[in-house]
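Data block below; observations after.
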Amino acid sequence: PVAPGPGPGPAAPAIPLCPGRIRHFKI
Amino acid sequence: ARSPGVPVAPVRDPDCDDLDVEQAALAAVQYVNNNHKHGYKYTLNQVDKARVYQRRPTGEVYVLEIDLVETCCHVLDPTPLENCTVRQLTEHAVEGDCDVSVLKVDNQFMVLNAKCESSPDSAEDVRKICPNCPLLAPLNDTKVVHAVEAALTAFNAQKHNNYFKLQEISRAQFSPLQSSVYTEFVTVPTDCKPIDVIDPAACNPLPNQHGFCKGTLTEKVGGGEDVVATCTVFVAVPAVPAPQPDGIESSLGPAVPAEPAVPAGPPVAAGPAVALGPLLVDAPAV
């Protein structure tokens, strides 16, 4: 018998994507 | 009700590029542009931070930090923001940092408050990308004031229908060698004819008309000055009343068009009360 491997585990917490996109130029 | 001193927990931290966040940011930009009467319109460059709080009994409050960049449209210029060119860094652009709160209720965004600070890009940053580009100059510098007065005099010397008065110096740059001064300023036509102005203070500004001017004064090597002035004049023209059903009298008074300082061009923007037509008035080198 083969022991079951570790599962995928808990999902990584969502990281808010900030700052957002630059529309014109980086200041 | 909540206990005093207990902060309200945020509902969520959305992505800064979330559609609702962007709409809230755009509402804030419009609010900022509507509430400053000097200088240029700003446009959204980036959302730095976004947090959403629940509002009782209904709605959500978007608390945002946003970066704005200056456009080439003066705040009094009726050109829609979407049509305004963003000021390039080589022109020593100004940026704005704003903290804003925007309420969303029934899918409508309403700005609750906005606090902004504006600052020009650093001279070092401008130098990095353009070593010889002119840098911003103080608007009350004597050379700037002189350059604007000379440009306005040159414009008025072209004998337009009306005498134009200075309303605001909005931008000025010195060339690296200090031999020329570039200016941008706002003028307003008055009820005086250019040829018979003795005391400009006695001339009354015409309503809803502005000229947005650019002038360059160059000191000549052998003495003297060259002045070039170009103005774009926006003229308010009365809106055409909407057709009324039979038997209903319009509540509007008779349309009495004020004589425009310059002939109005074709309408390009229509508001609730007036349509505005631009006319480019170029003054060649004097």
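The sequence lines fix the lettering, A, B, ..., with proteins before strands; numbering per chain opens at 1.
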Subject >> Residues B:Lys49 and B:Glu65 bridged, charged N to O under 4.0 Å >> reply: yes
**OP:** Measure the spacing between CG of B:Asp13 and CZ of B:Arg51 and express it to the nearest 0.5 Å.
**Re:** 4.0 Å
**OP:** Could you check if a side-chain atom of B:Arg171 sits within less than 4.5 angstrom of a side-chain atom of B:Arg87, using non-hydrogen atoms only?
**Re:** yes
Original post:
Looking only at heavy atoms, which two atoms of B:Pro14 and A:Cys18 are closest? And how far apart?
Top reply: O-SG, 3.9 Å
Original post:
Should the pair B:Phe234 and B:Phe212 be assigned to parallel (<30°), tilted (30 to 60°) or perpendicular (>60°) ring geometry?
Top reply: perpendicular
**OP:** For each of B:Asp18, B:Asp125, B:Leu89, B:Asp121, tally heavy-atom pairs with chain A at distances under 4.5 Å, and name the one with the top tally.
**Re:** B:Leu89
Original post:
How would you list, in number order, the residues of residues 21-48 of chain B that have a heavy atom less than 4.5 Å from chain A?
Top reply: B:Glu22, B:Thr43, B:Leu44, B:Asn45, B:Gln46, B:Val47, B:Asp48
Original post:
Taking atom types as modelled, is there a side-chain donor on B:Glu184 or B:His74 under 3.5 Å from an acceptor on the other?
Top reply: no
Original post:
With a 2.5 Å cut-off on the SG atoms, do B:Cys231 and B:Cys213 make it?
Top reply: yes
Original post:
Checking heavy atoms, do the side chain of B:Leu68, its backbone, both or neither come under 4.5 Å from chain A?
Top reply: backbone
